[in-house]
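What follows is one structure encoded as structure tokens, with my remarks underneath.
Proteins get letters first, then strands, A, B, ... in listed order; numbering begins at 1 in each.
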There are 2 protein chains.
Amino acid sequence: MKSLADVARLAGVSKATASRALSGTGYVSERTRLLVTQAALDLGYVASTNAASLVTGRTRNIGVVSPYINRWFFAEVIDGVEEALLEDGYDLTLYRLRGDADQRARVFDYFLVRKRVDAVIAVGMDFASDDVGPLFSLRKPVVGVGSQLPGATTVGIDDIAASRLITRHLIDLGHRRILHLGGPIDGTATAVHSRRREGFRLEMASAGLSEGADVAPCEMTTAEAYTAVLEFLERAETLPTAIAAASDEVAVGAILAARTRGLTVPEDLSVIAIDDHPLSALFDLTTVAQAPSKQGRAAARLVLGILAGATPTAPGLIAAPLEITYRGSTAAPSSTSR
Amino acid sequence: MKSLADVARLAGVSKATASRALSGTGYVSERTRLLVTQAALDLGYVASTNAASLVTGRTRNIGVVSPYINRWFFAEVIDGVEEALLEDGYDLTLYRLRGDADQRARVFDYFLVRKRVDAVIAVGMDFASDDVGPLFSLRKPVVGVGSQLPGATTVGIDDIAASRLITRHLIDLGHRRILHLGGPIDGTATAVHSRRREGFRLEMASAGLSEGADVAPCEMTTAEAYTAVLEFLERAETLPTAIAAASDEVAVGAILAARTRGLTVPEDLSVIAIDDHPLSALFDLTTVAQAPSKQGRAAARLVLGILAGATPTAPGLIAAPLEITYRGSTAAPSSTSR
DNA sequence: GCGATGTATGGAACCGGTCCCAGAGACGTA
DNA sequence: TACGTCTCTGGGACCGGTTCCATACATCGC
């Protein structure tokens with residue numbers, strides 16, 4: 001491998017001058033600049049970012065932490081982040097960080113031990129406030145996406161508000177017995193699904209409908225939702241007239257389960273959700289759009305801005321506006337089921 | 001940030017000894033080893049991989065290139081790769097590499113220019129043989145997953161064989177007019193969807209059914225497949241009795257489109273596909289399972305093995321065995337439609 | 001007692017860049 | 001003429017580790 005010294009020698013200049021010529025910093029005459037770039041080209045010279053970051057302390061590399069990479073929201077966010085980083089010539093190092101037991105340990109091992117990221121973007125990480133300590137002890141910019149990161153700027157939507165919004169819509173349509181679907185029951189209160197469930201509870205309560213509020217917990221996947229809804233319908237005494245789902249993926253499971261049970265949507269059962277997953281259009285699902293890849297881009301921009309010297313925004317949620325995309329899965333409850 | 005020199009000073013030894021003590025190489029007495037590790041602990045010392053790799057030339061970092069990260073197969077593979085790498089303490093740097101125009105340029109820019117990966121795993125990259133040049137010029141291990149990489153070891157399934165298998169199953173059931181669904185028409189011949197289409201053609205031809213073979217191209221997404229099938233059914237003179245889909249995601253689009261048109265599966269239309277996507281169980285879809293996350297793991301293992309000194313396996317496909325998972329979406333054509 | 005071998009340690013070169021600082025011309029100005 | 005300023009270049013320290021080599025001592029066989 002050719003090094004900068006080789007280039008400098010061929011160009012007949014010093015290492016220092018060669019470095020300046022290639023990086024474009026400091027004073028270099030046009031003539032020598034051409035000389036050096038030509039020499040670099042001739043030798044097929046490629047710079048070592050390692051060596052550079054050793055002295056500059058900057059790696060042009062961003063760490064992305066996410067509990068999943070094979071679920072829609074997370075994958076979309078990462079996609080957006082990657083795109084934005086690429087535009088600025090940054091690399092993305094991916095860490096899947098799931099579970100709780102080894103969570104801290106891994107944060108320590110893989111971020112503290114190796115100091116090769118300039119900043120961290122945490123995607124949908126459900127960190128408790130005492131868990132983020134190690135993350136911040138890096139003294140590097142940290143930005144969250146999706147679930148809110150205590151003490152850090154987070155881009156996303158207000159999950160409680162979004163859930164209240166869809167619940168409200170069902171209530172406004174005339175529904176009184178509503179099932180909230182999705183999210184394991186043992187999640188922390190700050191988890192996205194917990195907050196969406198909380199929003200549902202709050203809205204039902206404020207409408208005086210706590211009696212009609214029911215909850216079916218399940219993992220946030222279509223398959224789990226399908227069986228959860230099937231089981232719920234099995235043992236329910238009075239059926240709900242509507243489902244407020246924690247996500248589109250879960251809602252699709254509900255719709256499929258309803259079909260299996262011979263219920264039609266929305267006549268027998270209205271379904272509404274949050275996300276605007278690409279499948280939701282196919283299932284004619286009313287939902288609240290959130291564009292995760294845009295959130296990813298925004299988070300990346302934020303981080304790059306801070307690295308470029310911008311003053312960091314105050315910790316807290318940078319919330320995207322909420323708007324319902326009305327489709328055919330919601331309607332007033334039919335008179336018979338009322 | 002504390003450096004090795006600080007640790008050495010505190011422990012009262014030289015940098016060299018401290019390095020040996022912490023890395024566990026060479027001769028170090030038990031006593032000084034404890035001394036050094038304790039000093040490192042006290043100071044909260046974290047080693048700089050950058051500095052280390054500068055001299056060793058190894059980064060403990062693997063580059064993963066993939067055209068998508070938000071599609072099931074790719075996300076699953078990356079997930080598997082990440083998991084396997086993590087176990088060995090390797091990092092994963094992700095590069096999304098799509099399109100063709102800037103494809104080469106990016107490979108050059110982001111791999112050659114920065115020499116900070118030890119090896120490359122190319123996930124579902126549809127590289128033409130003259131496109132892989134830059135990739136191999138890195139002189140680093142390269143392993144492919146999914147679509148076959150000319151000149152490199154690739155783990156995956158034999159797409160042509162898989163497609164022949166599902167087509168054969170339909171033929172064996174008695175179907176004579178079969179539609180192949182999925183994959184843009186302009187893809188290169190080596191692309192996964194092209195090869196699956198090719199497998200379909202071959203099997204139909206070898207059964208003397210070229211007449212009954214029809215093709216509906218579309219992007220490999222559920223939504224695109226949905227509209228493609230709808231349009232196809234619109235203008236088809238005689239309807240096919242079965243669909244061989246290039247992927248489960250596409251097959252789900254077909255099933256939904258069939259439902260929209262009032263066709264029932266499998267009575268009016270059999271559907272079979274390849275992948276065993278989690279949704280396929282919900283849609284009762286007969287399919288050929290491939291476990292992408294396992295493929296990812298396997299590829300990572302392969303790469304780690306080579307880096308550990310194992311002799312690289314010969315270029316070519318390491319194919320997983322093919323087996324149909326029989327579910328309810330396939331049946332003999334009904335007598336009326338026959 | 002002596003050389004060979006094994007264990008333990010330190011000094012210093014080295015990886016490949018960046019950047020501070022000194023110095024040399026060129027040019028403008030008092 | 002003398003001096004300040006600007007442009008351009010090179011020398012060399014430095015980032016933070018790893019590793020080669022030399023040295024020192026202990027042990028062992030003969």
Distance below 4.0 Å between T32(A) side-chain N/O and dC8(D) OP1 or OP2: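 T32(A) to dC8(D) OP1/OP2: no side-chain N or O under 4.0 Å.
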Phosphate contact (dT9(D) OP1 or OP2) by S29(A) side-chain N/O below 4.0 Å: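 Yes.
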Contact state string [nucleotides 18-23 of chain C, B base, S sugar-phosphate only, - no protein heavy atom under 4.0 Å]: BBB---
Just the rounded figure in Å: distance from [atom2] of [N] to [atom1] of [X].
X	N	atom1	atom2	value
L22(B)	dT19(D)	CG	P	13 Å
R31(B)	dA26(D)	CZ	P	15 Å
E30(A)	dT9(D)	CD	P	11 Å
D6(B)	dG17(D)	CG	C1'	13 Å
L54(A)	dG17(C)	CG	C1'	8 Å
N50(B)	dG16(C)	CG	P	14 Å
K2(A)	dG17(C)	NZ	C1'	17 Å
R58(A)	dG17(C)	CZ	C1'	16 Å

Pairing donors with acceptors under 3.5 angstrom, does anything connect the side chains of [X] and [Y]?
X	Y	result
S293(A)	D79(A)	no
T56(A)	S53(A)	no
T93(B)	N61(B)	yes

Considering all heavy atoms, the nearest R20(B)-G26(B) contact: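 Closest pair (atom of R20(B), atom of G26(B), distance): CD-CA, 4.3 Å.
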Sugar-phosphate only, base, or nothing, as touched by S53(A) at under 4.0 Å among non-hydrogen atoms: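 Here S53(A) touches no strand at all.
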Toward the 5' end of DNA chain C, by each residue's nearest nucleotide, A5(A) or A18(B):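 By nearest-heavy-atom nucleotide position, the 5'-most residue is A18(B).
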Nucleotide nearest Y27(A) (side chain, heavy atoms from C-beta), chosen from dC15(D), dG17(C), dC8(D):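 That would be dC8(D).
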Nucleotide of dA8(C), dG10(C), dG17(C) approaching S3(A) most closely (side-chain heavy atoms):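 Closest of the options to the side chain of S3(A): dG17(C).
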Under 3.5 Å donor-acceptor, D6(B) side chain and S3(B) backbone: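 It does hold such a pair.
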Pair up each side-chain donor or acceptor in residues 62-72 of chain A with any protein partner under 3.5 Å, not counting sequence neighbours, and list the distances.
residue: S66(A); atom: OG; partner: Y68(A); partner atom: N; Å: 3.4
residue: S66(A); atom: OG; partner: Y68(A); partner atom: O; Å: 2.6
residue: N70(A); atom: ND2; partner: E76(B); partner atom: OE2; Å: 2.9

Interatomic distance, T188(A) atom OG1 to D126(A) atom CG [nearest 0.5 angstrom]: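 Spacing of OG1 (T188(A)) from CG (D126(A)) equals 3.0 Å.
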